[in-house]
Amino acid sequence: MTRNLQVRSLRNLLLVCLVYTASTLSGWAQERPNFIFILTDDQQYGLMGCTGNTIVQTPNLDQLAKEGVLFTNAHITSAICTPSRASILTSQFERKHGINFNSGTSMSEEGWANTYPMVMRENGYYTGWIGKNHVPVGKGGYASGLMEKSFDYWYAGHGHLGFYPKDRHEIFKDAKYDTQVEVIDEGVQDFLSNEQKLGGALKFIDQRPSDKPFMLSVCFNLPHGAGTGSMQMRDSDDEIYKSLYRDQNIPLPENYVARKDITTPKLPAELLHAEDRQTGYDYVDTPEGFRERYIRQMEALTGIDRLLGQLRKTLKDQKLDKNTVIVFTSDHGLFMGQFGLGGKALCYEETTHVPMIIFDPLTKKSKRGKTSDALVQSIDIAPTMMSMAGIPIPDSYQGKDLTPLLAGNQESVRPYLYTENLWSTQFGNPRCESVQDQEWKYIRYYKNENFSALKKIATAKAMGINMSSMLYKVHDPDIAVYRNYAEGPLQGEPAVYEELFNLKKDPKETTNLANDASLSDKLNTMRKVWKKEITKARGTGFPKVVRYTADSEAERNVLIEPK
């Protein structure tokens, strides 16, 4: 054989191999499932029909639960928006990723590269993000532009959207509707279409490729108070948001206590500085305030439920329903006046327990329509989607793969579940951590020496200082304070208060058993579990973060406003 003939033969062989490889990869891409991840904001566990609510209308969410798996014992990692959402993205506890409102940090590009959207995009997925982002990413945080450039389709705003997103974010100006759910729905329908012509949306390519699987994240700012608190019943609002549930008899939550009736606070006054609570939660102080806000929350959930119904219809019309996984959860729960408390940032069930539904149309029907009481967590979502997609799970992930639970091959993925709160600021919240199993829960608290929000507010008013700047801006010294918060308990900082609850007998956590002498062995056991779990949660190495404070941005001649 001559040399030229050998060369031609080799070229032909390589060409055949390349065509075969491209064909195989294209077929694999089409066979891999699509994913739609839906995240609500401040949604209590019991705010849907499938989680026990007899008033709210959520037929599409209830149907999703009937066709998928409803996890009845799902929890977040941190009951505050930014760290919880960062944990979902990175599959890491806050002590590992190091991002909170008070941390003075933004997620580094290296850290961002290991989030679930970026890993899936790197592995051939067409990615989209619609709605709210509340995690600063890159140098300059929300203004870095890194997130917008990282997705194939971006139709979102940083920070709160409000009930009327056009009032806050330029990107939504061309939306047909005014209300948040409907604006987000326009983005969802545009993403799923083959045209993608929605004005304002940022796109790297004009159309969603039909030969690539997609990963779409849909993130609401509802039923969060920034959304429900800004509802105005405008003429352009759907009737859902004007009249639904207003003719209903709305009962008060179990263990509700109006502010004027509080005689024994849930936590010691020196631990939880209740007087410094953010004023946005004052609605819980009266039955009338509670009922008005609760009605708005249910209206928002019914709107979100309608969006889900339209989304599933579109998937079916486009013949995408048989290969699209839908995951639904919330970033944390919320106190609505139980024990006189309002807000979040604690480690009780009211704030850490969230709804979670995973619907996988590829799972055998005999394994669907189930409930699972396994201890699962928000950091499990990313590795579970990776496993379903056939993508290696990054070593940095701390969550568990839930596919064995979905397949019915096992009943649990962890014996204990760990949660934490490092958002300890002038708003009175103490630092705390908890560990729990199926029966017992242990919470420990640390000394609260934070300066009073009331005193800051008084000074701001007296001197004409911008209130938002006074209360929310973070400066360089705050980074050191936050790092001490994160590392202190691991270095021997003592707890100043402890709680022990029997969740089987006392699921509402009404009776603290930590001082019960007959349970001293159980208390000591849970202390040992805490030490093990907090060590695992912290992991090793410094968090993948960069400096992001009012000072760092001022050096770049940028004035930042709190998100």
Side-chain angles (χ1 to χ4, degrees), residues 43-54 70-77 79 251-257 261-268 271-272 284 330 332-342 344-356 370-378 405 411-421 430 432-445 495-534:
Q43 182 185 341
Q44 307 96 297
Y45 177 80
L47 205 54
M48 304 187 299
C50 58
T51 56
N53 194 304
T54 59
L70 171 65
F71 291 94
T72 60
N73 210 351
H75 291 253
I76 47 73
T77 55
L252 293 171
E254 187 177 353
N255 302 310
Y256 175 85
V257 182
D261 297 327
I262 298 174
T263 55
T264 305
K266 177 66 171 171
L267 288 168
L271 192 67
L272 176 64
V284 307
S330 185
H332 51 76
L334 192 70
F335 271 106
M336 294 287 289
Q338 297 92 332
F339 310 109
L341 296 174
K344 47 225 180 186
L346 293 169
C347 290
Y348 294 120
E349 295 291 291
E350 293 292 346
T351 54
T352 69
H353 187 199
V354 292
M356 185 185 292
K370 310 277 187 184
T371 60
S372 170
D373 69 349
L375 291 169
V376 301
Q377 209 155 17
S378 54
L405 296 182
E411 295 184 354
S412 66
V413 291
R414 57 170 61 81
Y416 296 99
L417 188 141
Y418 170 83
T419 58
E420 59 191 0
N421 174 56
C432 51
E433 300 119 14
S434 73
V435 287
Q436 65 193 90
D437 57 19
Q438 294 283 4
E439 182 175 5
W440 294 95
K441 184 172 188 178
Y442 167 67
I443 310 177
R444 57 190 285 130
Y445 299 84
V496 297
Y497 189 74
E498 296 173 297
E499 291 179 310
L500 181 68
F501 298 104
N502 187 317
L503 296 176
K504 291 287 188 184
K505 298 178 180 179
D506 181 23
K508 297 298 182 179
E509 299 166 308
T510 63
T511 305
N512 180 15
L513 302 173
N515 294 321
D516 188 330
S518 68
L519 294 172
S520 59
D521 288 345
K522 173 57 66 176
L523 181 62
N524 285 326
T525 296
M526 296 303 280
R527 285 169 176 161
K528 292 176 182 177
V529 171
W530 161 81
K531 181 64 176 179
K532 180 180 179 181
E533 294 299 318
I534 190 177

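Scope of the values below: all heavy atoms of this structure, side chains included, with no hydrogens, waters or symmetry mates. For clarity, every value in this text was computed on a predicted model and none was experimentally measured.
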With side-chain contact (heavy atoms from CB on, under 4.5 Å) as the test, pick out the partner of V435 among R444, K531, E420, M526.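 The side-chain contact (heavy atoms from CB on, under 4.5 Å) with V435 is passed solely by M526 among R444, K531, E420, M526.
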
Which residue, L346, T419, L417, forms the side-chain contact (heavy atoms from CB on, under 4.5 Å) with T352?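 Of L346, T419, L417, side-chain contact (heavy atoms from CB on, under 4.5 Å) with T352 is met by T419 alone.
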
Counterpart residues, side-chain hydrogen bond (donor to acceptor under 3.5 Å, both in side chains), relative to T351 (two or more places apart):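 Partners of T351 under the side-chain hydrogen bond (donor to acceptor under 3.5 Å, both in side chains) test: none.
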
For S378, enumerate each residue passing the side-chain hydrogen bond (donor to acceptor under 3.5 Å, both in side chains) test, keeping only those at least two apart in sequence or located in another chain.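 side-chain hydrogen bond (donor to acceptor under 3.5 Å, both in side chains) list for S378, sorted by chain: empty.
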
So, taking the atom named [atom1] in [X] and the one named [atom2] in [Y], what distance separates them when rounded to the nearest 0.5 Å?
X	Y	atom1	atom2	value
Y445	L272	OH	CG	8.5 Å
Q438	D373	CD	CG	5.0 Å
N73	M356	CG	CE	10.5 Å
Q43	T51	CD	OG1	7.0 Å
L47	M336	CG	CE	8.5 Å

Can a cation-pi geometry be assigned to K532 and Y416, taking NZ or CZ under 6.0 Å from the six-membered ring centre and within 45° of the ring axis?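 The answer is no; the distance or angle limit is not met.
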
Kindly write out the residues that satisfy ring pair (Phe, Tyr, Trp, His ring centres under 6.0 Å) with [X], not counting sequence neighbours, or none if the list is empty.
X	value
H332	none
Y442	none
Y256	none
F339	none

Not counting sequence neighbours, which residues clear side chain to side chain contact (heavy atoms under 4.5 Å, CB included) with [X]? List them please.
X	result
P268	E270, L271, Y497
E350	F335, Q338, K508
T371	L70, T72
N502	E439, W440, K504, K505, L513

Does the pair N53 and M48 meet the rule for a side-chain contact (heavy atoms from CB on, under 4.5 Å), with working shown? CA-CA 5 Å; N53 194 304; M48 304 187 299; 5.8 Å; no

Might you work through the side-chain contact (heavy atoms from CB on, under 4.5 Å) test for Q44 and H353, ending with a clear yes or no? CA-CA 7 Å; Q44 307 96 297; H353 187 199; over 6 Å; no

Sequence neighbours excluded, every pair satisfying salt bridge (Lys or Arg N to Asp or Glu O under 4.0 Å) that has a member inside residues 509-529: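 Sorted pair list: K441-E509, E498-R527.
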
Do you know the tightest heavy-atom contact between L500 and N512?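 That would be N-OD1, 2.9 Å.
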
Mind listing the closest non-hydrogen atom pair of A374 and S412 along with its distance?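 Looking at all heavy atoms of both residues, the closest pair is CB-CA, 4.2 Å.
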
Should we say atom CG of D506 is surrounded by more than 12 heavy atoms from elsewhere, each under 6.0 Å from it?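 Buried by this count: over 12 neighbours within 6.0 Å.
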
With sequence neighbours excluded, residues passing salt bridge (Lys or Arg N to Asp or Glu O under 4.0 Å) with E433: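 For E433, the residues satisfying salt bridge (Lys or Arg N to Asp or Glu O under 4.0 Å) (neighbours in sequence not counted) are R95.
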
Polar side-chain atom of E499 near backbone of Y348 as donor-acceptor pair, under 3.5 Å: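 Such a contact is absent between E499 side chain and Y348 backbone.
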
Do side-chain atoms of N421 reach the backbone of A345 as a donor and acceptor pair under 3.5 angstrom?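 Checked: pair present.
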
Quick one: do the Q377 and Y418 side chains pair a donor with an acceptor below 3.5 Å?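 On atom types as modelled, these side chains do not qualify, holding no pair under 3.5 Å.
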
